[in-house]
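Some notes on the structure that comes next.
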Amino acid sequence: MIPPEILKQVRRIEILTNRLVNDTMAGRYSSVFKGHGIEFEEVREYQPGDDIRAIDWNVTARTGRPFIKRFVEERELSVMFLVDLSRSMAFGSSRALKQRAATELCSLLAFSAIKNLDKVGLLLFTDRVERFIPPKKGRRHVLRLIREVLSFSPSGDGTDIADALQYLGRITHRKTVAFLLSDFFCDDLHTPLSIAGRRHDLIAVHLIDPRETRLPPLGWVRFDDAETGEPITLDASRSDIRDDYAQASVDHQARVAGMMRAAGVDLVTVYTDQPYLEPFLRLFARRAARR
């Protein structure tokens, strides 16, 4: 039995993201994420004006009349959302927890995908793969994915993105559009990112809470590492401490950006206290320019 409050949250997210999809996203999504080639459709008799390079010589020889092969663009895509549910993603100081922001982003992208007749699936992970839902079409399936990201209670605490990417490689047998949503508090990922990026169309989404970038002058503050439980106490009234804190955030973002750049993976940075549509529109513009 799904709790009524979860159903209400799912419905609110659906209404919010559907409006953005209808107003802005769907057309941009369709123009950027296209099919990965062409597929055979039929053999039909040659007609004047057809390209003679398309003639099927085997059928032509059997029938004594010229026939051609017809191909169409392979439009349908499979889109996978790899969502980090480690304990650090359950942090939030402003509009939403990072996990809630990940839910809204999955909803926005998933509704854009099914509007273009693509299939969507979900992989939830911490320091292990927690749940895999194979790609399917349809609104009911998207609503199920939203519920899972929003309310799933993971058994792990830490983050193992490499394991999640390797799992994706084992369970997908064709090229997939894969969105990796995380705060990327993890070890170097160059090798697994490079392997996954060569096989799939991989896009990394870096979720950042504003409190992770700056520390207010609150005096002595105790922090507990969300994934290890290790405590640390800082004197936030000191400007040098606040500067070091802000610099650590800058360094982390630069490390993530460098990791993605080296692996050839597109990166979208999303702050949980800011509208998240604009970063994706910038990504779509960059990809369209490359095409």
Return the [atom1] to [atom2] distance between [X] and [Y], rounded to the nearest 0.5 Å.
{"X": "S194", "Y": "L165", "atom1": "OG", "atom2": "CG", "result": "10.5 Å"}
{"X": "S86", "Y": "L124", "atom1": "OG", "atom2": "CG", "result": "12.0 Å"}
{"X": "F67", "Y": "R65", "atom1": "CZ", "atom2": "CZ", "result": "4.5 Å"}
{"X": "N116", "Y": "K137", "atom1": "CG", "atom2": "NZ", "result": "11.0 Å"}
{"X": "L193", "Y": "L180", "atom1": "CG", "atom2": "CG", "result": "7.0 Å"}
{"X": "Q274", "Y": "T269", "atom1": "CD", "atom2": "OG1", "result": "10.5 Å"}

State which residues pass ring-ring contact (aromatic ring centres under 6.0 Å, His included) with F125; sequence neighbours excluded, sorted by chain then number.
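Listed in chain order: nothing, the list is empty.
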What pairs with F185 under ring-ring contact (aromatic ring centres under 6.0 Å, His included), at least two apart in sequence or on another chain?
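For F185 the ring-ring contact (aromatic ring centres under 6.0 Å, His included) partners, ignoring immediate neighbours, are H252.
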Dump the intermediate steps for side chain to side chain contact (heavy atoms under 4.5 Å, CB included) on L97 and M89, then the final yes or no.
CA-CA 7 Å; L97 302 179; M89 289 287 288; over 6 Å; no
Same cluster or not: are [X] and [Y] linked, directly or through other Ile, Leu, Val, Met, Phe, Trp or Tyr residues, by side-chain heavy atoms under 4.5 angstrom apart?
{"X": "L105", "Y": "F284", "answer": "yes"}
{"X": "L207", "Y": "L277", "answer": "yes"}
{"X": "Y167", "Y": "F152", "answer": "no"}
{"X": "I203", "Y": "L267", "answer": "no"}
{"X": "I114", "Y": "L143", "answer": "yes"}

For [X] against [Y], the heavy-atom pair lying closest together:
{"X": "A164", "Y": "L82", "result": "O-CD2, 4.1 Å"}
{"X": "T126", "Y": "G156", "result": "OG1-CA, 3.4 Å"}
{"X": "A236", "Y": "P216", "result": "CB-O, 3.4 Å"}
{"X": "F280", "Y": "L109", "result": "CE2-CD1, 3.9 Å"}
{"X": "T272", "Y": "A101", "result": "CG2-CB, 4.0 Å"}
{"X": "A196", "Y": "L202", "result": "CB-CD2, 4.0 Å"}

H206 (side chain) donor-acceptor with F184 (main chain) under 3.5 angstrom:
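Checking the backbone N and O of F184 against the side chain of H206, no donor-acceptor pair under 3.5 Å is found.
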Could you tell me whether a side-chain N or O of T176 sits under 3.5 Å from a main-chain N or O of R174, the two making a donor and an acceptor?
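Yes; at least one donor-acceptor contact below 3.5 Å.
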Taking atom types as modelled, find out whether [X] and [Y] have a side-chain donor-acceptor pair closer than 3.5 angstrom.
{"X": "Q253", "Y": "S249", "value": "yes"}
{"X": "T172", "Y": "H200", "value": "yes"}
{"X": "E130", "Y": "S155", "value": "yes"}

V83 and C106: side chain to side chain contact (heavy atoms under 4.5 Å, CB included), yes or no, with the steps?
CA-CA 9 Å; V83 182; C106 286; 3.7 Å; yes
Should the pair F179 and F81 be assigned to parallel (<30°), tilted (30 to 60°) or perpendicular (>60°) ring geometry?
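Rings of F179 and F81: parallel, under 30°.
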Min side-chain heavy-atom separation [X]-[Y] under 4.5 Å:
{"X": "I208", "Y": "T213", "answer": "yes"}
{"X": "L77", "Y": "K119", "answer": "no"}
{"X": "M260", "Y": "D266", "answer": "no"}
{"X": "W57", "Y": "R62", "answer": "no"}
{"X": "T159", "Y": "C186", "answer": "yes"}
{"X": "D51", "Y": "I68", "answer": "no"}
{"X": "D84", "Y": "L181", "answer": "no"}
{"X": "I146", "Y": "F111", "answer": "yes"}

Looking at D209, D183, T103, which one forms a side chain to side chain donor-acceptor pair (under 3.5 Å) with K98?
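It is D183, the one option of D209, D183, T103 that forms the side chain to side chain donor-acceptor pair (under 3.5 Å) with K98.
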For H141 and I133, run side chain to side chain contact (heavy atoms under 4.5 Å, CB included): C-alpha distance rounded to whole Å, both residues' side-chain angles, the deciding distance at 0.1 Å, then the answer.
CA-CA 10 Å; H141 182 66; I133 300 176; 3.6 Å; yes
Salt-bridge contact [X]-[Y] (side-chain N to carboxylate O under 4.0 Å):
{"X": "D163", "Y": "R128", "result": "no"}
{"X": "D50", "Y": "K69", "result": "no"}
{"X": "K136", "Y": "D118", "result": "no"}

Can you list everything that forms a salt bridge (charged side-chain N to carboxylate O under 4.0 Å, His left out) with [X]? Sequence neighbours excluded, please.
{"X": "D251", "result": "none"}
{"X": "R170", "result": "none"}
{"X": "E278", "result": "none"}

Share the residues that join F91 in a hydrophobic cluster, the rule being Ile, Leu, Val, Met, Phe, Trp or Tyr side chains under 4.5 Å apart at the heavy-atom level.
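Traced through the cluster, F91 reaches no other member.
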Show the numbers, then the answer: is there a salt bridge (charged side-chain N to carboxylate O under 4.0 Å, His left out) between D235 and R242?
CA-CA 9 Å; D235 183 1; R242 297 196 302 275; over 6 Å; no
I would like to know whether R199 and K175 meet side chain to side chain contact (heavy atoms under 4.5 Å, CB included); could you show each step before the answer?
CA-CA 6 Å; R199 182 170 182 183; K175 188 168 185 176; over 6 Å; no
Can D201 and R287 be said to form a salt bridge (charged side-chain N to carboxylate O under 4.0 Å, His left out), step by step?
CA-CA 11 Å; D201 187 356; R287 291 173 68 97; 2.5 Å; yes
